[in-house]
Amino acid sequence: MTTATTQSEVTYLEAISQALDEEMTRDERVFLMGEDIGAYGGAFKITEGFLQKYGEWRVLDTPLAESGFVGAAIGAAMMGLRPVVEMQFADFISCAFDQITEVAAKNHYRWGAAVPMVIRAPFGGGVHGGPFHSECPEGWFFHSPGLKLVAPSTPYDAKGLLKAAIRDPNPVIYFEHKFLYRRIKATLPQEEYVVPIGKADIKRAGNDISLITYGAMVHLALEAAQLLAKEGIDVEVVDLRTLVPLDKETIYGSVCKTSKAIMLHEDNKTGGIGAEIAAQLAEECFDCLDGPILRIAPPDTPVPFSTPLEEFFLPKASDIISAARKLAAY
Amino acid sequence: MTTATTQSEVTYLEAISQALDEEMTRDERVFLMGEDIGAYGGAFKITEGFLQKYGEWRVLDTPLAESGFVGAAIGAAMMGLRPVVEMQFADFISCAFDQITEVAAKNHYRWGAAVPMVIRAPFGGGVHGGPFHSECPEGWFFHSPGLKLVAPSTPYDAKGLLKAAIRDPNPVIYFEHKFLYRRIKATLPQEEYVVPIGKADIKRAGNDISLITYGAMVHLALEAAQLLAKEGIDVEVVDLRTLVPLDKETIYGSVCKTSKAIMLHEDNKTGGIGAEIAAQLAEECFDCLDGPILRIAPPDTPVPFSTPLEEFFLPKASDIISAARKLAAY
Amino acid sequence: MALADATKEIKRADLLQMYYYLRLTRALEDRVTALYRQGRIVGGCYTSHGMEAIAVGYASALERDDVIAPFHRDMGAFLIRGFTPGEVLAQYLGKRTGPTKGKDGNVHMGDLKRGVLGFVSHLADNLPVATGAALAFKIRGESRVAFAGTGDGGTSRGDFHEAMNFAAVRKLPVVFFCNNNQYAYSTPQRLQMAVSDVVERAKAYDMPGEIVDGNDVAAVYLASKRAIAQARAGKGPAFLEFKTMRMHGHSEHDPAKYVPRELLEEWKKKDPILKAEQLLTQLGYGDEASFHEIGERAKKEVEAGLEFAEQSPLPEGQEALEGVFATEDEVES
Amino acid sequence: MALADATKEIKRADLLQMYYYLRLTRALEDRVTALYRQGRIVGGCYTSHGMEAIAVGYASALERDDVIAPFHRDMGAFLIRGFTPGEVLAQYLGKRTGPTKGKDGNVHMGDLKRGVLGFVSHLADNLPVATGAALAFKIRGESRVAFAGTGDGGTSRGDFHEAMNFAAVRKLPVVFFCNNNQYAYSTPQRLQMAVSDVVERAKAYDMPGEIVDGNDVAAVYLASKRAIAQARAGKGPAFLEFKTMRMHGHSEHDPAKYVPRELLEEWKKKDPILKAEQLLTQLGYGDEASFHEIGERAKKEVEAGLEFAEQSPLPEGQEALEGVFATEDEVES
Ligand SMILES: Cc1ncc(C[n+]2csc(CCOP(=O)(O)OP(=O)(O)O)c2C)c(N)n1
Ligand SMILES: Cc1ncc(C[n+]2csc(CCOP(=O)(O)OP(=O)(O)O)c2C)c(N)n1
Ligand SMILES: [Mg+2]
Ligand SMILES: [Mg+2]
């Protein structure tokens, strides 16, 4: 990014709002749909004020019916509009699963109809939401050809990736982490920018171990990396940013440099994205590897509600530290 | 299995019928639900004659509404019945996705209610079904804690695993491969037997390479193994049979013996079950490995219809042979 | 008036008990709200304030063996089914003594032994499930009924349609209700559906439907009794629309500025506790003093419950790993 | 008779064209069936035999700019939209010249340029999608209409409900139809729904509904015209129930023994081609000779199409990899 005259700091949440606002202003085909996004401004207030600014046909409160309104977004997208659909919580995306995987994902392959739309999915735990307000559903869609998936970890990426998602000619699921909404801030460039889909970002360079992650876990990774640095273990933090298509070049490049890899995510361990990357490394970078590929992820359970349970469930800096020590000693 | 007086050969399809019939006779709590399973006997005729034998309240034709009847099965299961639900094609399971992953899978964890039910899902390609009648949806459910998954490859396993699934106190998805229905036959023991959930089966012992697979691909694996044997490459074919919970003991045991592993499946490659097993091996058996872990699976596209496209899409014996040669030479 | 007459058919003890549960619900949820404002409850916090008559009325109309799939504003139904204020508060506080042992929060409770299907956030998901419970009753020839509800918002979901349709086709013993409080979060009914009464939706299934004053516990009770009797007699499912108004925000964090103040003023006068008191007074079943006494009793129970909940232990972290799968011995096989 | 009067309003040329499309549909699907029996078509094979009037009638009532989401027995609509018999046969034979280039089979075709949303197996999935197309028209202030249907079976799915509801709430320019052929695969209507007419389902959305003789192409055309005009005028969605009968098995492999023979006998007399001929004769628009001539023309077109399809190449294996994602240049950005 070119340096720019800067504005005041914005939160991750505000960055998302800005992206929506800018894209709606830039392109009148862009419109929003979802539950309570109009007068109320959305459960998390991301679209506060949008109804007044853009009117009820571009900020459309829907009935409580995820399959119905995702389907409607698909139809509108095929007619040339650029719908951005909000799931009130990512957890409710299961209700629209069929429309996403069978219709949106397959239309172009089957009969050549592009479906340029975005589904915003506020996901993740650490907010005492329990089993139905903390889910990480990306693993399901990761395994559904025809969808692009992004999951930003910073305000900068949040804004730039959402703009890219809206401009993409394909269905994109945009996983925004609820835990980060008001917890992180950054100063964003004043001029327009886009973060291209498909490019990972090295959030911390390091030589000893590649720690590959995305979403809120990036911050945990950076925290752990700092602590590990004091012990002389130099961790490289790879923020995937885009989950589909994976940026193999950056991932493989990092691992071939460090020879050691840890996958970290908040989605359940079995069948998570970490499994795929580990499998790719074991297949395509085997000769670079100097130790086992470790994975840090929650156990295979729903996300429990009570604080001690959720704390146990979520990855911790100490998990990363012990994995890194083990691998460093390998 | 103890040897037994044998009956005549039965197909994979008949084995499934037998299991249903025996369990319905054994336990009056077992009942069936699905589209066209009554008078018509099911799209594949698995329940032919069942309506006459068990009546319309144990062989229940449902309205065309997968979410509704899967939900109803969950409710009936919690009340103490043992529903076995038929998806007409596994592809339509996407319509019931929410009920399966959010209700059936999580009830016991959340509030202690057991949901003993089975969903039969006729899956897989090679039958010219195209994108909506050939899907392998197991990858989605593999990543959903709270569900057990089985996928038999032989008539023997088909019968024994279905009986085990019906008796299991949890929701079990039973993936039956359409391609195998009438293509394979075996003589089954006359006395009752059950194939326990959670046990893989070595379908061919070998010392050089572990070929880990399930479903219809087991037969392709055996075919390739036979050809490879002629070249002096001795392949061990591990039939997972149960996908959740994975039989790590058998898998790791095989790979630690051969030091080389190939994953083979018909589900899309990225994020498939092969990825998880490869990741586990790369994490927990790294020191046993003498070469990269290879994966053979279809590309990340829907299942195409036209014969040359579907042939290109599906794994072939030649894919296995070249992977095995590569690995053997490693 | 027909209703006034009919309420005479309700036993005095039953009516007084319903009044008690109205007060207990109110006292308990007021306590929950207070705890929430003190920051002592984490996560969501949905109450039935001003809508208590619905759950109290229908749960009182059911038999012990019947099964309910309560809605997220049906605290009274949990209480009538035997969930104690202590258990409920333990649930809210994430304690091991709550019905979910800390695995889930707030109204996401259930217990098969007490005939309560655990609430699932995904609205309307439990309607097919309750339909399946009714199917089990029908298959086994039992004379039990399932009673299941959702909000006006929830009726827009496909699972509502699929459940209603299946129940109607198979004439299953299930009563569906909609708790029509005019809003789904911020969404007013006119953006939720084109019909002016939710009960119109029942026509698509040839299902008998009735509009009921949801703030009148006696009306809810009597209408539920009728629908339950019909279902139990094998005449198939029925649908009840309980008209009411959500008097707080969607959840405690929501100031609900989108609701016109006048609407709230109007409905405040129809408060279900007030209405019940008017009825009881009219029937000569109670007076100011007895109402006060019952209210105090309810509050005391809640305070005792809070003590229990506070003294209860939190779960240990590794309990997170327990219970993903049921074991053989939990169900007869 | 009102209908007979009304049919006089249909232009002679239009009626004759509909007749031609009835014959073309019949000829094409008979050819497909024959190929299937010869084992030359793999996969499913669903025809509209005896139901051709529905797709021909409604597709004729639409304007070029309108969009349709056809049902799996709507071959006539594809033809009217400009899909040639050759393309359709290429699709059935998995050829590269079919509308999906071999990626998908049989009636799973679509083409945005010709305003046809590709059929999705999962029944009713395309109803929300068509609703979204109508939403786009409404947002842009275009005077276009979407026309989307499903079978009697498909109306049981949640997506039917969610689409109907959303369209009604927002008064979107979409016409929904149900092709009620009395069976869903083997499932008779009484096991599918509790209402005796599918049109009853529209009441849940305060949507106007009409029952139409689905075997009478003029009736289908006129009812469609009315509903389309209402939708185009901004008065919101409408629902049409086309009563008809599935005259073959669900797919060619199904002997449909579950259908009473008498029912088929009865409906055979109502064959849409026969009915159209009676009408044309009555109106003096045609006679035996001209019907024969049109039939022969249709058959010839089909034979020419088959030649095209047979000579067309199959796709190459690696084309399986193409098209998972759209590229920037396919859509303006
Ligand atoms: C499928 C689904 N989508 C979204 C939500 C988020 N949500 C929780 S409650 C609610 C509004 C519910 O409205 P209504 O059904 O009328 O019940 P009320 O809260 O008014 O009693 C919404 C949108 C949900 N729980 N489930
Ligand atoms: C969601 C879904 N479930 C099951 C099927 C399998 N299936 C294909 S057609 C059909 C029957 C359709 O009946 P109807 O809607 O009445 O249409 P018809 O074939 O009678 O014209 C079924 C069950 C499907 N296509 N989609
Ligand atoms: Mg409401
Ligand atoms: Mg039909």
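Fair warning: this is a prediction, and the values are worked out from it, not measured in the lab. Letters A, B, ... are given to chains in the order of the sequence lines, protein chains preceding strands, and every chain is numbered from 1.
Here the side chains of D/Pro173 and D/Arg232 are not in contact, with every heavy-atom distance at 4.5 Å or above. Between D/Glu63 and D/Asp66, some side-chain heavy-atom pair lies under the 4.5 Å cut-off.
Residue contact with chain D, scored on non-hydrogen atoms closer than 4.5 Å, involves the backbone and the side chain of A/Glu56 alike. For chain D, no part of A/Ile166 is nearby; none of its heavy atoms comes within less than 4.5 Å. Neither the backbone nor the side chain of D/Val174 comes within contact range of chain A; no heavy atoms are under 4.5 Å apart. If you measure heavy-atom distances from D/Lys113 to chain A, you find no contacts under 4.5 Å at all. Residue contact with chain D, scored on non-hydrogen atoms closer than 4.5 Å, is absent for A/Lys106.
The aromatic rings of A/Phe97 and A/Phe141 sit tilted, their planes meeting at an angle between 30° and 60°. The aromatic rings of A/Phe50 and A/Tyr54 sit tilted relative to each other, their planes meeting at an angle between 30° and 60°.
In this structure, D/Arg140 forms no cation-pi arrangement with A/Trp57, as its terminal cationic atom is not both closer than 6.0 Å to the ring centre and no more than 45° off the ring axis. A cation-pi contact, defined as under 6.0 Å to the ring centre and within 45° of the axis, is absent between A/Lys163 and A/Tyr193.
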Test side chain to side chain donor-acceptor pair (under 3.5 Å) on D/His108 and D/Ser121 and set out the steps. CA-CA 8 Å; D/His108 295 181; D/Ser121 266; 3.2 Å; yes

Between D/Leu127 and D/Phe176, does a side chain to side chain contact (heavy atoms under 4.5 Å, CB included) hold up when you go through it step by step? CA-CA 8 Å; D/Leu127 301 184; D/Phe176 298 101; 4.2 Å; yes

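When each of D/Thr327, D/Leu172, D/Asn165 is checked for heavy-atom pairs under 4.5 Å with chain A, D/Thr327 comes out on top. Of the listed residues A/Met33, A/His108, A/Glu102, A/Met79, the one with more heavy-atom pairs under 4.5 angstrom with chain D than any other is A/His108. The greatest number of non-hydrogen atom pairs below 4.5 Å with chain D, out of A/Pro63, A/Ala114, A/Ala77, is found for A/Pro63. With chain A as partner, the option from D/Asp125, D/Val324, D/Thr131 having the largest number of non-hydrogen pairs under 4.5 angstrom is D/Asp125. Ranked by heavy-atom pairs under 4.5 Å with chain D, the list A/Pro83, A/Pro145, A/Ala65 is led by A/Ala65. In terms of non-hydrogen atom pairs under 4.5 Å with chain A, the most contact-rich of D/Gly323, D/Gly115, D/Ala167, D/Gly102 is D/Gly323. Interface check for chain A: of the options D/Leu135, D/Asn126, D/Val67, D/Leu112, the most heavy-atom pairs under 4.5 Å are formed by D/Leu112. Of all the listed residues (A/Leu147, A/Val103, A/Asp98), the one sharing the greatest number of non-hydrogen pairs under 4.5 Å with chain D is A/Asp98.
A distance-only check finds no donor-acceptor pair linking the side chain of A/Asp247 to the backbone of A/Lys199 [under 3.5 Å].
Within 6.0 Å of atom CD in D/Gln318, more than 12 heavy atoms from other residues, nucleotides or ligands are found, so the atom counts as buried in its surroundings.
For the pairing with D/Val129, the side chain to side chain contact (heavy atoms under 4.5 Å, CB included) check across A/Val115, A/Asn107, A/Ile74 returns one residue only, A/Ile74. Paired with A/Phe89 under the rule ring-ring contact (aromatic ring centres under 6.0 Å, His included), one option of A/Phe175, A/Phe44, A/Phe132, A/Phe123 passes, and it is A/Phe44.
Contacts between residues 142-164 of chain D and chain A, defined by a heavy-atom separation under 4.5 Å, are made by D/Arg144, D/Arg157, D/Asp159, D/Glu162.
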